[in-house]
Amino acid sequence: MTAFPNSGFLSEASDGLREMLSAQATDISLSQGEILFEQGDEGDSLFAILEGTLEVSFLAMSGRKLTLTLMRPGEVFGEIALFDNGPRTATIAAAEQSRVLRVRRNDVMNQIRQQPDLAVDMIRLAGLRMRWMGLQLNEQVFLPMPIRLARKLLHLSSLQDDPAARITLSQSELAEFVGATREAVSKTISIWKRDNMVEASRGGLLIQDFEALRELADSDLI
C-alpha cells in the first residue's frame, strides 16, 4: 500500500483518514501527453502525484488552451470531487511519464459509513479548503490588478524551463488570468514598458526587471 502524501489538502488530515485513503487508492501510470481528466468531466476522485509532472490547463473564451501551472510529486488535487460530483474546472495531462494515486468518492463514502468518526476529519478538511478558497477570492477582489498581474507573470515565468524566456500569451489572455479587461492590462503593461520592467510585442511578453516585478508582486499597496 502506497501512502498518500502529507501535503496540500491532506496536510491537516488525521493519521486514520490518511490511512483509509491510502487503503482505497489505486496506482495509475500515465504516458507523456496522456490526459487524466478533461475540463467538464464529472469529478469523482481525489489524486496525489507520486512521480513525474502534470500540466493543469483550461480552455479560454477565445478557445485557446491556457496552461495554469505544473504539478509535481507530493501534490494533491481534485479534493472537491470527494464532496461534490460537479464538472472538473480544468484539464490535467501528463507533461512527462507520471504516476498518480487515485481514490474514488464512492469508496471513501462507503468507508465513512463504516467509520463515522472519519466524517469529522473530512468536514474539517472541507472547512480548511473553503477558507483557502476565500483567501484566494479576497486576493482577486481586493488586490489591485497590477499586483495580480505581476504575481501571475512571475508564476508563469517560473513554469518555463528558462524563466527569462518570453511568455507567449496575448494581453487578452493575461486579462482572463487576472480577471481584468484587456484595456486595463494593456495600460499597465505600457507603464511597465516605459519603466523598462517588461518588453511586449505580438509574440508575448519578456520580463526585463525581475526584481522590480517581485517588489510589486510582494506589496499590498492599494
Side-chain angles (χ1 to χ4, degrees), residues 1-60 65-140 155 158-159 177:
M1 180 180 71
T2 304
F4 260 80
N6 183 18
S7 58
F9 173 69
L10 298 179
S11 60
E12 300 293 331
S14 68
D15 291 341
L17 180 58
R18 194 174 297 107
E19 289 171 4
M20 182 274 284
L21 293 173
S22 299
Q24 301 303 311
T26 55
D27 192 316
I28 298 175
S29 295
L30 300 169
S31 58
Q32 184 175 4
E34 186 174 354
I35 294 175
L36 181 62
F37 57 75
E38 292 188 316
Q39 181 179 344
D41 287 350
E42 179 180 324
D44 71 345
S45 303
L46 166 74
F47 297 91
I49 304 175
L50 299 177
E51 299 174 5
T53 303
L54 300 185
E55 177 194 72
V56 184
S57 65
F58 81 106
L59 284 178
K65 186 188 84 168
L66 301 180
T67 297
L68 294 175
T69 190
L70 296 174
M71 298 189 296
R72 306 187 189 281
E75 296 198 57
V76 178
F77 61 97
E79 64 273 8
I80 296 300
L82 294 184
F83 306 94
D84 172 79
N85 63 348
R88 297 291 192 184
T89 56
T91 294
I92 307 293
E96 60 186 4
Q97 186 171 342
S98 304
R99 287 175 57 224
V100 300
L101 284 178
R102 177 183 67 191
V103 59
R104 295 187 183 277
R105 181 180 65 254
N106 288 342
D107 294 332
V108 171
M109 292 300 105
N110 287 336
Q111 289 298 309
I112 286 178
R113 291 186 186 97
Q114 298 175 36
Q115 306 175 68
D117 288 348
L118 294 178
V120 176
D121 277 337
M122 290 288 289
I123 292 171
R124 182 172 57 86
L125 292 181
L128 292 173
R129 175 64 175 175
M130 290 175 64
R131 186 182 297 275
W132 178 85
M133 292 175 69
L135 291 174
Q136 298 299 305
L137 179 61
N138 284 341
E139 177 176 308
Q140 184 73 10
H155 174 66
S158 72
L159 300 180
F177 268 125

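Everything quoted here is computed from the prediction, not taken from an experiment. Keep in mind that the numbers below use all heavy atoms, side chains included, and drop hydrogens, waters and symmetry copies.
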Just how far is it from atom [atom1] of [X] to atom [atom2] of [Y], taken to the nearest 0.5 Å?
{"X": "F58", "Y": "T89", "atom1": "CZ", "atom2": "OG1", "result": "10.0 Å"}
{"X": "N110", "Y": "R105", "atom1": "CG", "atom2": "CZ", "result": "11.0 Å"}
{"X": "N106", "Y": "L82", "atom1": "CG", "atom2": "CG", "result": "10.5 Å"}
{"X": "R88", "Y": "E38", "atom1": "CZ", "atom2": "CD", "result": "12.5 Å"}
{"X": "M109", "Y": "Q24", "atom1": "CE", "atom2": "CD", "result": "11.0 Å"}
{"X": "E34", "Y": "I28", "atom1": "CD", "atom2": "CD1", "result": "9.0 Å"}

### Steps toward side-chain contact (heavy atoms from CB on, under 4.5 Å) verdict (Q97, L30)
CA-CA 6 Å; Q97 186 171 342; L30 300 169; over 6 Å; no
What is the minimum heavy-atom distance between [X] and [Y], and which atoms define it?
{"X": "L10", "Y": "L21", "answer": "CD2-CD1, 3.7 Å"}
{"X": "F4", "Y": "A25", "answer": "CE1-CB, 3.5 Å"}
{"X": "G33", "Y": "A93", "answer": "O-CB, 4.5 Å"}
{"X": "G74", "Y": "P5", "answer": "O-CG, 3.6 Å"}

#### Entry: Listed once per pair and sorted, the ring-ring contact (aromatic ring centres under 6.0 Å, His included) pairs that draw on residues 89-120, sequence neighbours left out
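Every candidate ring-ring contact (aromatic ring centres under 6.0 Å, His included) pair involving residues 89-120 fails, so no pair, neighbours aside, qualifies.
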### Query
Applying ring-ring contact (aromatic ring centres under 6.0 Å, His included), which residue pairs with at least one partner in residues 105-127 are found, sequence neighbours left out?
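Those involving residues 105-127 do not exist here.
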### Message
Would the distance check show the side chain of S98 and the main-chain N or O of A94 forming a donor-acceptor pair, the cut-off being under 3.5 Å?
### Response
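Between the backbone of A94 and the side chain of S98 there is no qualifying donor-acceptor contact (under 3.5 Å).
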Enumerate donor-acceptor pairs with a distance under 3.5 Å from any side-chain N or O in residues 43-56 to protein atoms, sequence neighbours excluded.
from, atom 1, to, atom 2, distance (Å)
D44, OD2, R104, NH1, 2.9
E51, OE2, R99, NH1, 2.8
T53, OG1, R72, NH1, 3.1
T53, OG1, E96, OE2, 2.9
E55, OE1, K65, NZ, 3.1
E55, OE2, T67, OG1, 3.2

### Query
Is there a side-chain contact between L101 and T26 (heavy atoms, below 4.5 Å)?
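Side-chain contact under 4.5 Å: no.
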### Task
For side-chain contact (heavy atoms from CB on, under 4.5 Å), just list the numbers for F77 and L36, CA-CA rounded to whole Å, side-chain angles, deciding distance to a tenth of an Å, and then say yes or no.
CA-CA 12 Å; F77 61 97; L36 181 62; 3.7 Å; yes
### Task
Kindly determine whether S7 and V76 satisfy side-chain contact (heavy atoms from CB on, under 4.5 Å), including the steps that lead there.
CA-CA 7 Å; S7 58; V76 178; 4.0 Å; yes
### Full working for side-chain contact (heavy atoms from CB on, under 4.5 Å) between M20 and Q111
CA-CA 8 Å; M20 182 274 284; Q111 289 298 309; 3.7 Å; yes
